[in-house]
Amino acid sequence: MKRVLPFLLSAALAGATMYAIADDDRPPTGDERARIVQTLEGLGYKSIGEIEIEGDRIEVEDALHSDGKRYELKLDAATLNVLKRELDDD
């Protein structure tokens, strides 16, 4: 049992670390938000809702485009290229 306990403890810590790495969603900093908004305005978006950074992706909700429709966007965090655009159902 004495040998099993340290193994179980290290396995539990490794699992917790993996979860923390996978769950790194966060709001953008002020500078990041300004850069994202500026980029999207250049693409014809008039207003932007919630922005969340999810690892190497950025999720933007409620982005109002000049076509009058609202979209949910996924951007590449490094380049800010739009990877996916879907009509926002909300």
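Counting begins at 1 with the first residue of the sequence.
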Discussion item. Could you check whether any side-chain N or O of N81 sits under 3.5 Å from a backbone N or O of D76, counting only pairs where one atom can act as donor and the other as acceptor?
Written reply: no
Worksheet item: If you round to the nearest 0.5 Å, how far is NZ of K74 from CD of E61?
Response: 8.5 Å
Worksheet item: Going hydrophobic residue to hydrophobic residue with side-chain gaps under 4.5 angstrom, can you get from L73 over to L64?
Response: no
Discussion item. Assess the residue pair D62 and I48 against the criterion (side chain to side chain contact (heavy atoms under 4.5 Å, CB included)); give the C-alpha distance rounded to whole Å, side-chain angles, the decisive distance to 0.1 Å, and a yes or no.
Written reply: CA-CA 6 Å; D62 199 29; I48 308 300; over 6 Å; no
Item to complete: Indicate, with yes or no, if I51 and L43 share a hydrophobic cluster defined by side-chain heavy-atom contacts under 4.5 Å among Ile, Leu, Val, Met, Phe, Trp and Tyr.
Response: yes
Item to complete: Would you give the length of the straight line joining atom CZ of R85 to atom NE2 of H65, rounded to the nearest 0.5 angstrom?
Response: 5.5 Å
Discussion item. Test side chain to side chain contact (heavy atoms under 4.5 Å, CB included) on V60 and L40; report intermediate values, then the result.
Written reply: CA-CA 10 Å; V60 179; L40 292 177; 4.1 Å; yes
Worksheet entry | For G55 against A77, the heavy-atom pair lying closest together | O-CB, 4.2 Å
Response to the item:
Residues pairing under salt bridge (charged side-chain N to carboxylate O under 4.0 Å, His left out) where one sits in residues 30-40, two or more places apart or in two chains, turn out to be R26-E32
Item to complete: Side-chain contact test, heavy atoms from C-beta onward, threshold under 4.5 Å: evaluate it for E52 versus P27 and give yes or no.
Response: no
Worksheet item: Is the closest basic N to carboxylate O distance between E59 and R57 below 4.0 Å?
Response: no
Worksheet, complete the sentence: So OG1 of T39 and CG of L75: to nearest 0.5 Å the spacing works out to 8.5 Å
Fill in: Chi angles and distances behind the side chain to side chain contact (heavy atoms under 4.5 Å, CB included) call for S47, R70
CA-CA 9 Å; S47 67; R70 293 187 183 278; 4.1 Å; yes
